[in-house]
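Residue indices begin at 1 and follow the sequence shown.
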Amino acid sequence: VGPTIVAGEILVEIMATERGFGFLEPQTLTGPFPSGAPAIFIDQVGRLGGGAGIIGCVGRDDFGTLNLERLKRDGVDVAAVDISDRFPTGCAFVRYRPDGGRDFVYNIAESAAGQIHLTTAARVLADKAGHLHIMGSTLSIAGLKEIVAYAGKAVRARGGSTSFDPNMRKELIAGADGALFSALVDDADLLLPSGDELLAAAGIDDEQQAVTALFARGVGEIVLKRGADGSSWFGADGARIDCAGFLVEEVDPTGAGDCFGATYLTCRRQGMEPGKALLYANAAGARNVTRRGPMEGVAGFDVLDQFIAGTARRT
Ligand code: ADP
């Protein structure tokens, strides 16, 4: 019934090339790479041939061009991306802790991404969309609340669906609206949390109990991301499918969850069973971590089929 759409930050990302440096000391950085969780997600939807569109804002600068060209190349409708003459394209700096964790320094609020609002072009895109994917990280942007409300209503009025990835970044959730967050969880036809996010969304410290509680609140299906260990699917009727992770060398974990979610959703929207969709999603997430740059590992079905055939999985 129409393309999958997202709204939110389109950024460039500049990242450390080695683990273990703080941002207070000089180090070798690399980039810029096209980035922003919603942009990574929708680029992967486009790569898979699913109809795709994004509501966002970039500056009239090279970082904006870098992103727009990539999104267009991969089949994403960028008609609802505003180009700001006053604000530069947003950016994120990433460093990797020795334990594999990541820290981000974002420039979103004072960049073009922070200026996103419900424009005429955004309404036009929302009015023809079949699915709205929402990410928790974007809710720190002032104008997103109105866009999510408008687009959610428009998509539902056309018989479409929604998905929600809590994508809680400690750097971005400080100003988040807890009530809105809960409502987005409750309304999600598909919820895509990591383990910690699942427990936080339910306010319960046990995985199975959290899943049960979220279904009682109206969630349609839950796909849990488990990093290198793969993922699990939970159906509202109590069914469960586990999918072991692929054995890969992790070069850069940023973007795995977005590629994973985009692939699962697109497979399901194309009528695939949850188990098969989960396998493709696992492959997309695993392949993405083997590439430096959050959007550099996006892949179409041909590449994913080859990856699945040629890559061992954890037992
Ligand atoms: P997020 O980025 O949202 O925290 P994850 O890190 O769990 O999400 O990654 C999403 C999915 O990508 C995982 O469920 C898994 O399928 C795949 N993945 C991520 N990291 C790895 C890894 N190191 N090895 C294999 N697969 C991975």
Side-chain angles (χ1 to χ4, degrees), residues 3-14 31-43 45-46 52-72 74 76-94 104-129 132-155 164-177 180-181 184 254-255 258 294-295:
T4 294
I5 65 165
V6 291
E9 68 277 13
I10 299 173
L11 310 173
V12 290
E13 186 171 313
I14 294 166
F33 290 105
S35 188
I40 302 163
F41 182 97
I42 207 64
D43 200 69
V45 174
I54 183 166
I55 296 167
C57 186
V58 296
R60 196 177 296 283
D61 51 34
D62 287 345
F63 287 174
T65 304
L66 175 72
N67 273 291
L68 289 178
E69 287 190 350
R70 175 65 61 88
L71 291 165
K72 278 193 270 189
D74 289 344
V76 179
D77 179 350
V78 297
V81 177
D82 229 6
I83 301 184
S84 172
D85 286 310
R86 289 185 51 215
F87 292 87
T89 300
C91 66
F93 288 87
V94 188
F104 292 84
V105 172
Y106 286 105
N107 175 19
I108 294 183
E110 299 303 324
S111 76
Q115 317 312 311
I116 299 173
H117 62 284
L118 188 58
T119 59
T120 302
R123 285 176 208 264
V124 168
L125 182 64
D127 287 342
K128 64 181 178 192
L132 171 67
H133 178 69
I134 304 160
M135 313 185 112
S137 60
T138 66
L139 301 176
S140 65
I141 299 171
L144 255 290
K145 209 168 162 173
E146 196 187 0
I147 292 176
V148 164
Y150 181 90
K153 221 167 147 190
V155 164
F164 184 54
D165 179 345
N167 197 29
M168 291 173 178
R169 289 260 183 269
K170 64 181 188 306
E171 294 87 351
L172 294 178
I173 55 174
D177 176 337
L180 174 63
F181 198 87
L184 292 173
T254 310
D258 306 318
M295 224 190 258

Could you check whether any side-chain heavy atom of [X] comes within less than 4.5 Å of a side-chain heavy atom of [Y], counting everything from C-beta outward?
X: D127; Y: Y150; value: yes
X: L139; Y: K145; value: no
X: I147; Y: I141; value: no
X: I5; Y: D77; value: no
X: M135; Y: I40; value: no
X: I83; Y: L68; value: yes
X: V81; Y: I54; value: yes

Ignoring hydrogens, what is the shortest heavy-atom contact between [X] and [Y]? Give both atom names and the distance.
X: G46; Y: V76; value: CA-CG2, 4.5 Å
X: N167; Y: S137; value: ND2-OG, 2.9 Å
X: F87; Y: A112; value: CB-N, 3.4 Å
X: P294; Y: P34; value: CG-O, 3.6 Å
X: A121; Y: A80; value: O-CB, 3.7 Å
X: I108; Y: S111; value: O-OG, 2.8 Å

Could you grab the distance from atom [atom1] of [X] to atom [atom2] of [Y], nearest 0.5 Å is fine?
X: T65; Y: R60; atom1: OG1; atom2: CZ; answer: 9.5 Å
X: I14; Y: F93; atom1: CD1; atom2: CZ; answer: 4.5 Å
X: R123; Y: I55; atom1: CZ; atom2: CD1; answer: 10.5 Å
X: I10; Y: I116; atom1: CD1; atom2: CD1; answer: 7.0 Å
X: D82; Y: T119; atom1: CG; atom2: OG1; answer: 5.5 Å

Among N67, L66, D74, find the residue that satisfies the side-chain contact (heavy atoms from CB on, under 4.5 Å) test when tested with R70.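 That would be D74.
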side-chain contact (heavy atoms from CB on, under 4.5 Å), paired with F63, selected from P32, P88, S35: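 When P32, P88, S35 are each tested with F63, the side-chain contact (heavy atoms from CB on, under 4.5 Å) holds only for P32.
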Would you check if the side chain of T89 reaches a backbone N or O of G59 as a donor-acceptor pair within less than 3.5 Å?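 Between the backbone of G59 and the side chain of T89 there is a qualifying donor-acceptor contact (under 3.5 Å).
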Any donor and acceptor pair, going by atom type alone, linking the side chain of Q115 with main-chain N or O of V58 inside 3.5 Å?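 No, Q115 side chain to V58 backbone: no donor-acceptor pair under 3.5 Å.
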Angle class for the H133/F41 ring planes (parallel below 30°, perpendicular above 60°, tilted otherwise)?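 Parallel, since the angle between the ring planes stays under 30°.
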